[in-house]
Amino acid sequence: MRKKIVAGNWKMNKTLQEGVALATELKDILAVEKPNCEVIIGTPFIHLATISEMLKDSVVAVSAQNCANKASGAYTGEVSAAMVKSTGAEYVILGHSERREYYNETPEILKEKVDLALENGLKVIFCIGESLAQREANEQEAVCKAELMGSVFHLSPEQWKNIVIAYEPIWAIGTGKTATADQAEEIHAFIRQCVAEVYGAEAADNTSILYGGSCKASNAPELFAKPDIDGGLIGGASLKAPDFKGIIDAWK
Ligand code: PEP
C-alpha cells in the first residue's frame, strides 16, 4: 500500500534558531499524538544537519528543497546530493515551480538532479503542475505528462520506488486559491494512469501523489478523502506547528 504523507516546504523562511524551535515544537506535539501518516519537513540547507540530528528518533523525516545537478567540484555556492545525504536528510524536493521559474531549472537539469539524488540514496519529492494560462487552455494533463517524461520517466522500476510525486498547480501556490478536491482528484488519477503506462498498475498503485497549493487544515480533509490524493506538500501552513498539525490530523 502506498504511503500517506504530509510534507512541509519551508522555502526561504526561518533562521537556524527559528527552524530549530519549529522542529522542536512539531516533534513534541507528534510525540504525544502519533500521526497517521509519514511527516516530512523540507528545510533550507543550513538547517539540515542540526534538525536531522534532533529528529533522528522521531516520526518526522527531513528533506532538502534542492540539490546540485553536478556531483562535486568547482560550483561555488552549490550543495550536492551527497552533501545533503551526509546531513542525515532522507528526501529532497526537486522540480518545484519556483525553482523552474526563478532559477531556470529545465527538465534536463532536473533529470540530472533526480539521478544524482537517487544515486546518493535520497528519496525524491518531484513537483509538477501547470500555470493558470495552461489550466485555462486545458493543458494541465499535457503539461504534467511532459514534466514527468522530461525528468523522471527514464528511471528504472527499482529507482521509481523512491519517487513521490507532488502535483502543485502553480496558480494555487501561495495564492489562497486551492484546486477543488474534484479538480485535484481528476489530475491525480491522470498522473497515476501515466505512471501505470510506464511502470505498470502495481507500481502506480504504490506511488504516493501529493497535492500542493494553498492546502490548509480547513481544506485538507476534503482533498485527502479523494482516492488518488495521498497527502500534501505544504508551503505557508507548514511554518507554524499548530497549522501543520491541523493538516496532519486530516488523516485521522
Ligand atoms: C509549495 O510551495 O509547495 C506550496 C504548496 O505552497 P503553499 O502551500 O503556500 O501554497
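Order of listing sets the numbers, starting from 1, for every ligand and every atom in it.
Remark: ligand 1 and Thr175 share no N or O pair separated by less than 3.5 Å (distance only, no angle test). Between Gly213 and ligand 1, not a single N/O pair is under 3.5 Å apart. Of the polar atoms of Gly235, at least one N or O is found under 3.5 Å from an N or O of ligand 1, judged by distance alone.
Ligand-side atoms of ligand 1 in range of Ser214: 7 (P), 8 (O), 10 (O), range being under 4.0 angstrom from any heavy atom. Per-residue contacts place Gly212 under 4.0 angstrom from the following atoms of ligand 1 (heavy atoms of the residue considered): 5 (C). Annotation for ligand 1: atoms under 4.0 Å from non-hydrogen atoms of Ala172 are 10 (O). The ligand atoms of ligand 1 that sit less than 4.0 angstrom from a heavy atom of Gly174 are 7 (P), 9 (O), 10 (O). Residue Lys11 has at least one heavy-atom neighbour below 4.0 Å for each of these atoms of ligand 1: 1 (C), 2 (O), 6 (O). Every atom of ligand 1 is numbered from 1 in the order shown, and the set under 4.0 Å from a heavy atom of His96 is 1 (C), 2 (O), 3 (O).
Here Thr43 contributes atom OG1 and Asn13 contributes atom CG; the two are 11.5 Å apart, rounded to the nearest 0.5 Å. In this structure, Ile128 CD1 and Cys194 SG are separated by 8.0 Å, a value rounded to the nearest 0.5 Å.
What sits closest to atom 9 (O) of ligand 1 on the protein, heavy atoms only, is Gly236 N, 2.8 Å. Glu168 OE2, 2.7 Å is the protein heavy atom nearest to atom 3 (O) of ligand 1.
The shortest heavy-atom distance from Ser238 to ligand 1 is not under 4.0 Å. Contact annotation: Lys216 has no heavy atom less than 4.0 Å from any atom of ligand 1.
Phe126 is linked by a ring-ring contact (aromatic ring centres under 6.0 Å, His included) to nothing, counting only residues two or more places apart in sequence or in another chain.
Side-chain contact check for Glu168 and His96: at least one donor-acceptor pair (N or O, by modelled atom type) lies under 3.5 Å.
Between Gln140 and Lys145 there is no side-chain heavy-atom pair separated by less than 4.5 Å. The side-chain heavy atoms of Glu147 and Arg100, taken from C-beta on, include a pair separated by under 4.5 Å.
Of all the heavy atoms of Asn9, the ones lying under 4.0 Å from any atom of ligand 1 belong exclusively to the side chain.
A parallel orientation is assigned to the rings of Tyr199 and Trp160, their planes being inclined by less than 30° (bins at 30° and 60°).
By the rule that hydrophobic residues join a cluster once side-chain heavy atoms approach within less than 4.5 Å of another member, Ile5 and Leu94 end up as members of separate clusters.
Ion pairing between Lys252 and Glu33 holds under the 4.0 Å rule for side-chain N and carboxylate O.
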